[in-house]
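In each ligand, atom 1 is the first atom listed, and ligand 1 is the first ligand listed. Since we're looking at a predicted model, the values are computed, not measured.
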Amino acid sequence: MDPLAKHYGQLLGIGEEWTVTEVKLIREENQVVIYLKTTPGRQHSCPKCGKTSPLKDHAPERKWRHLDTMQFETVLLARPIRVQCKECGVLTATVPWAEPKGRFTLMFEAFAIHVIRACSSLEQARLLLGLSWKSVNEIMKRAVDRGLLERDLEMIEYVSVDEKSFGKGHDYVTVMTDARESRVIDVVEGRNEEATDKLWEELNEDQRSRVKAVAMDMWVPFKNSAMKYVAQADIVHDRFHIQKDLNEAVDKVRKMEHRALMKEGDETLKGSKQLWLFHPENLSDYRQIEFKKLQSMELKTALAWAIKEQFRWFWNYRYGGTAKNYFEKWYDWAVESQLEPIKKVALRIKNHLSNILTWFKHRISTGVSEGFNSRIQSIKSAARGFRNFENYRIRILFFCGKLNLLPKTTH
Ligand SMILES: [Zn+2]
């Protein structure tokens with residue numbers, strides 16, 4: 001046997017079923033090509049039922065990219081075996097170094113997964129690996145499929161359902177998350193009740209019966225779907241969405257007041273938008289002084305802002321009962337303010353109060369963890385290489401699914 005071929009055979013470590021017959025260095029293509037053949041006289045098994053079956057013939061030659069040999073891209077060339085199974089018929093057997101349809105060896109895919117995870121952008125990983133977008137997408141998809149297959153969803157007690165915008169228009173996707181483990185369970189297109197139902201069906205009946213609470217915003221389809229599938233669970237309307245609604249109400253008041261003042265040539269509120277939205281402690285010293293000045297003038301916007309800020313205290317209570325008392329006082333103040341946008345949000349909170357007070361029992365939100373939302377945001381903004389929903393879903397699950405993505409390699 002050619003000592004070089006033998007040496008490569010040892011390096012590959014693919015077992016005894018296959019033998020390296022030749023190793024070619026193609027300098028002009030910067031490539032090392034390794035030719036493999038089945039070792040004669042070995043037994044083969046059916047890829048479907050596993051029964052020992054005779055060799056029928058060989059499928060046409062196929063090519064797999066492997067880990068580089070020094071500075072050379074390295075590929076394996078072989079004709080997979082076709083077996084004649086008594087029960088299943090003629091089938092192509094899986095080669096030990098790759099998944100059935102993969103164009104890369106398992107070891108290359110494992111390496112690619114490590115590189116993709118380590119790089120701050122997919123584009124960077126793609127260039128480093130010398131892959132096309134199509135190949136990157138393929139490797140990621142296989143990794144996610146593998147991970148989903150062996151994922152354990154048994155002990156999910158806290159779930160979050162949230163929407164994310166997708167694409168340039170007003171398209172949405174709905175993301176279901178295991179709130180305690182901070183992992184995405186799945187992503188579906190759309191945000192209606194039907195879409196949400198699909199997510200719940202990812203869990204079987206047993207798993208659904210263990211869910212104690214579901215965090216969500218006050219979007220009715222999410223609530224309806226949860227009531228159907230996890231009727232025993234508490235609904236917890238998300239505190240961050242509520243604060244956001246209040247923020248938006250303050251901004252509406254500011255806009256209306258600014259317009260009215262400008263009619264009289266009063267520029268008091270000009271350029272003040274950010275002041276009312278940021279936490280005062282996050283403003284520069286100069287802007288803090290400006291903000292204090294505005295607060296001391298009897299502005300409707302300042303009142304709206306104060307009402308919004310007061311609502312933050314609501315979340316600091318230890319028990320729902322005392323929080324409810326606080327809410328009632330706050331609500332009266334909000335209504336007395338006569339500021340329509342604020343009144344509207346206050347009423348909405350009041351109508352949903354029973355599913356907001358559940359926060360004090362479960363303390364879950366759709367935020368899950370800060371890093372998580374920013375990760376999804378960066379997946380969305382790095383839109384290169386994916387144009388469709390499916391690739392978006394794969395990327396979210398790849399980075400946020402906490403899946404075991406690696407293939408089982410012999411090394
Ligand atoms: Zn069979």
Ring centres of Trp219 and Tyr172 under 6.0 Å apart?
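So the answer is no for these two rings.
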Compute the centroid of each ring, for Trp330 and then for Trp313, and state whether the two points are separated by less than 6.0 Å.
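No, the ring of Trp330 stays outside the 6.0 Å limit from the ring of Trp313, centre to centre.
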Residues Glu16 and Arg42 bridged, charged N to O under 4.0 Å:
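Looking at Glu16 and Arg42, the cut-off is met.
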Among Arg151, Glu150, Arg146, which residue meets the side chain to side chain donor-acceptor pair (under 3.5 Å) test with Asn404?
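Exactly one candidate clears the test, Glu150.
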Specify whether Trp315 and Phe360 have parallel, tilted or perpendicular ring planes, treating 30° as the upper limit for parallel and 60° as the lower limit for perpendicular.
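Plane angle under 30°, so parallel.
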When you look at Phe314 and Ile242, which way does the side-chain contact (heavy atoms from CB on, under 4.5 Å) test go after all the steps?
CA-CA 11 Å; Phe314 173 79; Ile242 293 169; over 6 Å; no
Protein N, O or S atoms less than 2.8 Å from the Zn ion (ligand 1), ignoring waters?
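Under 2.8 Å from the Zn ion (ligand 1) - ignoring waters, which are not counted - the protein N, O or S atoms are Cys46 SG, Cys49 SG, Cys85 SG, Cys88 SG.
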